[in-house]
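These notes are about the structure you will find just below.
Residue numbers start at 1 and run along the sequence shown.
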Amino acid sequence: QVRLAESGGGSVQAGGSLRLSCTRSGRTFSNYGMAWFRQAPGKEREFVSAISWSGGFTLYADSVKGRFIISRDNAKNTLALQMNSLKPDDTAVYYCAVDLSGIPGTQRYDYEYWGQGTQVTVAS
């Protein structure tokens, strides 16, 4: 079993920054991809960013490109998302996810394990 726990969410003014973290525990394995998704009220869960096992390959949604930075520390089993220049449209519950294939994708079905999410609220 894999457990994912997100933290770091909160409320911030537009233009501000937040740093989300996700800690993985449970079953031990390697060479897996990780990603962040988000879900705003009344909307579908959408892809935000993904990263390969080595960290050498990253993907970003167009809406966050240039503002968000994904990173991971495999020794600590953590994933992070640095969010800068936040906008009200970034308001959502943010989820981290694990892809055992190791090739990060942008679709929900690419990921086998999910965290419970952390709320991010950006006020205008």
Side-chain angles (χ1 to χ4, degrees):
Q1 186 72 3
V2 174
R3 290 179 291 277
L4 300 171
E6 302 94 338
S7 61
S11 297
V12 65
Q13 293 289 322
S17 298
L18 281 174
R19 183 177 178 86
L20 305 183
S21 294
C22 173
T23 300
R24 185 192 68 76
S25 62
R27 175 185 165 193
T28 300
F29 48 84
S30 60
N31 201 31
Y32 56 91
M34 296 190 77
W36 290 98
F37 283 72
R38 67 186 182 186
Q39 188 167 14
K43 295 188 177 181
E44 295 288 319
R45 192 171 300 188
E46 66 175 5
F47 171 78
V48 175
S49 183
I51 188 168
S52 63
W53 167 257
S54 68
F57 178 73
T58 58
L59 292 169
Y60 292 94
D62 287 343
S63 59
V64 307
K65 201 171 294 184
R67 299 188 298 123
F68 291 10
I69 301 172
I70 192 170
S71 61
R72 64 188 294 171
D73 184 336
N74 293 332
K76 297 181 179 179
N77 295 320
T78 58
L79 173 73
L81 185 68
Q82 178 65 42
M83 306 187 296
N84 302 318
S85 303
L86 283 162
K87 305 175 181 180
D89 284 349
D90 294 319
T91 295
V93 177
Y94 283 71
Y95 300 88
C96 68
V98 163
D99 169 18
L100 296 179
S101 77
I103 304 172
T106 62
Q107 304 300 312
R108 289 183 62 179
Y109 56 72
D110 289 326
Y111 296 85
E112 291 84 5
Y113 297 101
W114 294 82
Q116 294 299 306
T118 185
Q119 175 71 47
V120 171
T121 303
V122 184
S124 57

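Put simply, the side chain of Phe37 reaches to within 4.5 Å of the side chain of Arg108, judged on heavy atoms. Within the 4.5 Å cutoff, the side chain of Gln1 has no heavy atoms near those of the Arg27 side chain. No side-chain heavy atom of Arg38 sits less than 4.5 Å from a side-chain heavy atom of Val120. Residues Gln119 and Thr91 form a side-chain contact, since some pair of their non-hydrogen atoms from C-beta on lies under 4.5 Å apart. Between Leu4 and Val2 the shortest side-chain heavy-atom distance falls below 4.5 Å. Contact of the Met34 side chain with the Tyr113 side chain is not registered, since no non-hydrogen atoms from C-beta on lie closer than 4.5 Å. Taking 4.5 Å as the limit, every side-chain heavy atom of Glu46 sits out of range of all side-chain heavy atoms of Thr106. Proximity of Leu20 to Thr118: side-chain heavy atoms (C-beta onward) are separated by under 4.5 Å at one or more points.
For the atom pair OG of Ser54 and CZ of Arg72, the computed distance is 8.5 Å after rounding to the nearest 0.5 Å. Of the inter-residue distances, the one linking Leu18 atom CG with Phe68 atom CZ reads 9.0 Å to the nearest 0.5 angstrom. Between the SG atom in Cys96 and the CD atom in Glu6 there is a gap of 4.0 Å [rounded to 0.5 Å]. We find the OG-CG distance between Ser101 and Asp110 to be 7.0 Å, quoted to the nearest 0.5 Å. Residue Ser49 holds its OG atom at 12.0 Å from CZ of Arg67, rounded to the nearest 0.5 Å.
The nearest pair of heavy atoms linking Val98 to Arg24 is CG2-CD, 4.4 Å. In terms of heavy atoms, Arg45 sits closest to Gln39 at NE-OE1, 3.4 Å. Across all their heavy atoms, Gly105 and Ala50 have their closest contact at O-CB, 4.0 Å. A pairwise comparison of heavy atoms in Gly26 and Arg3 identifies CA-NH2, 3.7 Å as the closest pair. The minimum heavy-atom distance between Ser71 and Leu79, with the atom names listed, is O-CD1, 3.3 Å. Taking every heavy atom of both residues into account, Ile70 and Trp36 meet most closely at CD1-CD1, 3.7 Å.
Put simply, Leu59 and Val48 are part of two different groups of oily side chains (I, L, V, M, F, W, Y) that touch within less than 4.5 Å, one to the next.
By the 30° and 60° cut-offs, the orientation of the rings of Tyr95 relative to Trp114 is perpendicular.
Proximity of a side-chain donor or acceptor of Asp99 to a complementary backbone N or O of Tyr32 within less than 3.5 Å is not detected. For Ser52 (side chain) and Phe57 (main-chain N/O), a donor-acceptor pair under 3.5 Å exists by modelled atom type.
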Practice item. Go through Val12 and Thr121 one step at a time and tell me if the side chain to side chain contact (heavy atoms under 4.5 Å, CB included) criterion holds. Key: CA-CA 6 Å; Val12 65; Thr121 303; over 6 Å; no
Practice item. Show the numbers, then the answer: is there a side chain to side chain donor-acceptor pair (under 3.5 Å) between Thr78 and Asp73? Key: CA-CA 5 Å; Thr78 58; Asp73 184 336; 4.9 Å; no
**Study point:** Ser17 and Met83: CA distance, side-chain angles, deciding distance, side chain to side chain contact (heavy atoms under 4.5 Å, CB included) verdict
**Key:** CA-CA 5 Å; Ser17 298; Met83 306 187 296; over 6 Å; no
Practice item. For the pair Trp53 and Ile103, evaluate side chain to side chain contact (heavy atoms under 4.5 Å, CB included) and give the outcome as yes or no after the intermediate values. Key: CA-CA 8 Å; Trp53 167 257; Ile103 304 172; over 6 Å; no
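Annotation: Lys65, atom NZ; neighbour count of heavy atoms from other residues, nucleotides and ligands within 6.0 Å is above 12. Heavy atoms from other residues, nucleotides or ligands lying under 6.0 Å from CD of Gln116 number 12 at most.
Salt bridge status for Lys87 with Asp90: absent, with no side-chain N to carboxylate O gap under 4.0 Å.
Aromatic pair Tyr60/Phe47: ring centres not closer than 6.0 Å.
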